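Values below: all heavy atoms of this structure, side chains included; hydrogens, waters and symmetry mates excluded. Keep in mind the model is a prediction, meaning the values are calculated, not measured.
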Amino acid sequence: MMGSIKGLERFDSPGKGRGLRVSRPFKVGELLFSCPAYSHVLSVKERGCYCEFCFTRTQHLARCGKCKKAFYCNVKCQKGDWAMHKLECSAMVAFGENWCPSEISRLVARILAKKKMQKERCVCEKMLLIGEMQSHTEDEDNEKREMTEADIARLHRFYSKHLDMPDHKELLTLFSQVGCNGFTIEDDELSHLGTAVYPDMALINHSCLPSVIVTYKGTSAEVRAVQDMKPGDEVLISYIDLLYPTDDRNNRLRESYYFLCDCQECKSKSKDKAKLKVRKQSDSIEPDVINNMVRYARKTIREFREFKHTKTPSELLEMCEQSLEEMGAVFDDSNVYMLHMMYQAMGICMYMQDLDGAIRYGEKLLKPYSHLYPPYSLNVSSVYLKLGRLYLGLERESACTSALKKAMAIMEVAHGKDHFYIEELRKMIAQK
């Protein structure tokens, strides 16, 4: 029997299908609801830094004695995770370096195991069951279908010993459901920690003018208002990065979620001119030149994503700098394609321990980010946070305190004032 969440109701959202709306007022920063994960998986690259079960970051993690790959806070967390970790533990030992399921395959394996163990409705399924999540198998193109088939092949290869596999059609549906409804769990700097599914949260529709934001406390998701909401207002999140102009956003939505957005921002395109700003001396340049530079920028961003895991940091930084020089002949520094490459360059400089370089790029991001992103954006707070920590490394205490306070002002709304990220920030600021 379908349950309920206080202050919320499920409804048919015009043009969108199922949705959630509030049945009482909510103020900015107020928690609408918290949702535990139906199933979650820690990214392989974060192993050793975070507990596999609760996603706590600590230096004192205990290693699984058998596979030596998984890490836990304590025995309690290790026992809590065993039903899921056993799906991988012996396989990682047996396959060694050849063990390479994708993150979505790992999550699907855990969902299948959970479904088999499940006796009753989960607390994260009060308004929507896991099996009722939307799938788009019929909308997938050949490239996407081939990727899913490869994931299914890996699922059979690495997990068949511990799982009773459903038929192929069911697996195609489940992979599509997870692909469209899975949430990326991120840390305070928006680094990818893992992936999870939250059935009740799958009811929340997209808007480029979101009314709420999703943050994480361990593996639980929390939904807070970023606008004052009145009864009847729909609960809306952004499925994508909102930095980019309307056409780019809708291309991403179509490719990943199989719909186009018709929110007021997409209809008016009110921020597109600012997002695609050209240099003052470029005002007289022919539109064709600007359009060609836009195409160059999009192509460069695609190539950068492809090369990110194959090229060295130095090569990637050179690619960023070269593209910034090319685009800078036409685009203003606040143009979103310039900002995209500056953000990448900042991250690479941080990785290479070039603190001055990272600060130089980070400081260029702040003003346009604050203007182009919606209020209380974690994309803005994460840059303030990174800069604060970089300033600290260079003993620039005044700049550090200022940046951390600006990050905290956003994060107190997005994460809540009692979140452990906020507690950490308060301690850092107090020590200055």
Side-chain angles (χ1 to χ4, degrees), residues 1-5 8-13 16-21 32-41 81 83-84 86-88 101-140 144-145 147-156 158-160 162-185 194-206 214 216 219-221 223 234-235 237 239 253 256-259:
M1 183 179 174
M2 189 172 78
S4 63
I5 300 172
L8 299 171
E9 58 188 18
R10 178 172 161 171
F11 79 118
D12 290 324
S13 179
K16 296 181 179 179
R18 301 173 301 202
L20 273 185
R21 64 187 176 193
L32 275 71
F33 73 108
S34 177
C35 187
Y38 181 90
S39 196
H40 66 269
V41 63
D81 195 49
M84 297 299 145
K86 73 179 180 183
L87 302 172
E88 299 181 340
S102 66
E103 195 159 303
I104 192 170
S105 293
R106 296 178 63 214
L107 184 56
V108 165
R110 288 165 180 246
I111 292 169
L112 290 171
K114 176 81 174 273
K115 281 183 169 183
K116 189 176 180 182
M117 295 186 296
Q118 193 175 356
K119 298 288 193 294
E120 55 190 27
R121 201 176 191 118
C122 259
V123 290
C124 56
E125 297 177 292
K126 290 176 181 175
M127 305 181 88
L128 189 75
L129 292 168
I130 183 93
E132 294 174 332
M133 294 193 305
Q134 182 72 47
S135 76
H136 286 277
T137 49
E138 70 284 356
D139 298 317
E140 292 174 358
K144 178 63 179 171
R145 179 57 64 91
M147 289 172 62
T148 303
E149 293 289 0
D151 281 330
I152 289 174
R154 293 189 193 101
L155 186 72
H156 280 285
F158 297 117
Y159 294 94
S160 55
H162 292 285
L163 289 175
D164 296 325
M165 296 291 179
D167 65 36
H168 196 71
K169 187 178 179 182
E170 274 188 67
L171 284 175
L172 287 172
T173 299
L174 183 52
F175 271 94
S176 177
Q177 287 174 319
V178 174
C180 295
N181 298 282
F183 282 77
T184 296
I185 299 178
T195 310
V197 285
Y198 305 90
D200 284 336
M201 290 190 26
L203 286 169
I204 305 177
N205 288 314
H206 164 85
V214 178
Y216 301 93
T219 60
S220 290
V223 181
E234 183 165 7
V235 179
I237 58 172
Y239 292 1
L253 288 169
S256 300
Y257 300 99
Y258 310 99
F259 71 87

Legend entry - Close side-chain approach of Lys114 to Val197, heavy-atom, < 4.5 Å: no
Inset, instruction - Side-chain contact test, heavy atoms from C-beta onward, threshold under 4.5 Å: evaluate it for Arg154 versus Asp151 and give yes or no. - result: yes
Inset, instruction - Could you tell me which non-hydrogen atom of Ser256 sits nearest to which non-hydrogen atom of Cys180, and how far apart they are? - result: O-SG, 4.2 Å
Legend entry - Check: Gln134/Tyr257 side-chain N/O donor and acceptor closer than 3.5 Å: no
Legend entry - Rounded distance (nearest 0.5 Å) linking atom OG1 of Thr195 with atom CD1 of Ile104: 8.0 Å
Inset, instruction - Please check if the side chain of Ser105 supplies one atom and the backbone of Leu155 the other of a donor-acceptor pair under 3.5 Å. - result: no
Legend entry - Contact check, side chains of Pro166 and Leu112, non-hydrogen atoms, under 4.5 Å: yes
Inset, instruction - Please round to the nearest 0.5 Å and tell me the distance separating atom CG of Asp139 and atom NZ of Lys144. - result: 12.0 Å
Inset, instruction - Decide yes or no for Ser102 and Met147: does some side-chain heavy atom of the first lie under 4.5 Å from some side-chain heavy atom of the second? - result: no
Legend entry - Rounded distance (nearest 0.5 Å) linking atom CD1 of Ile5 with atom CZ of Phe33: 5.0 Å
Legend entry - Student check: side-chain heavy atoms of Phe158 and Glu88 closer than 4.5 Å: no
Inset, instruction - Could you tell me whether a side-chain N or O of Thr137 sits under 3.5 Å from a main-chain N or O of Thr173, the two making a donor and an acceptor? - result: no
Legend entry - Considering all heavy atoms, the nearest Pro36-Ser220 contact: CA-OG, 3.7 Å
Legend entry - Considering all heavy atoms, the nearest Asn205-Lys16 contact: ND2-CB, 3.6 Å
Legend entry - Residue pair Ala196 / Ala37: nearest heavy atoms and the distance that separates them: CB-CB, 4.1 Å
Legend entry - Backbone N/O of Arg18 and side chain of Asp12: donor-acceptor pair under 3.5 Å: no
Legend entry - Side-chain donor or acceptor of Arg110 paired with backbone N/O of His40 under 3.5 Å: yes
Legend entry - Met133 to Pro199 - nearest heavy-atom pair and separation: SD-CA, 4.2 Å
Inset, instruction - For residues Arg21 and Phe11, report the shortest heavy-atom separation together with the two atoms involved. - result: NH1-CD1, 3.4 Å
Legend entry - Side-chain touch Leu172/Arg145, heavy atoms, less than 4.5 angstrom: yes
Inset, instruction - Check for a donor-acceptor pair, side chain of Tyr38 on one end and backbone N or O of Asp200 on the other, with a separation under 3.5 Å. - result: no
Legend entry - Interatomic spacing from CZ in Arg121 to CG in Leu129 - rounded to 0.5 Å: 4.0 Å
Legend entry - Validation row: Met84, Arg106 side chains within 4.5 angstrom (heavy atoms): no
Legend entry - Main-chain N/O of Met127 paired to Arg10 side chain as donor or acceptor, under 3.5 Å: yes
Inset, instruction - Please state whether the rings of Tyr198 and Phe183 are parallel, tilted or perpendicular, taking 30° and 60° as the class boundaries. - result: perpendicular
Legend entry - Atom pair CD1/CG of Ile204 and Leu128 - distance to nearest 0.5 Å: 11.0 Å
Legend entry - Between CG on residue Leu203 and CD on residue Glu234, distance to nearest 0.5 Å: 10.0 Å
Inset, instruction - Determine whether more than 12 heavy atoms belonging to other residues, nucleotides or ligands lie under 6.0 Å from atom CG of Asp164. - result: no
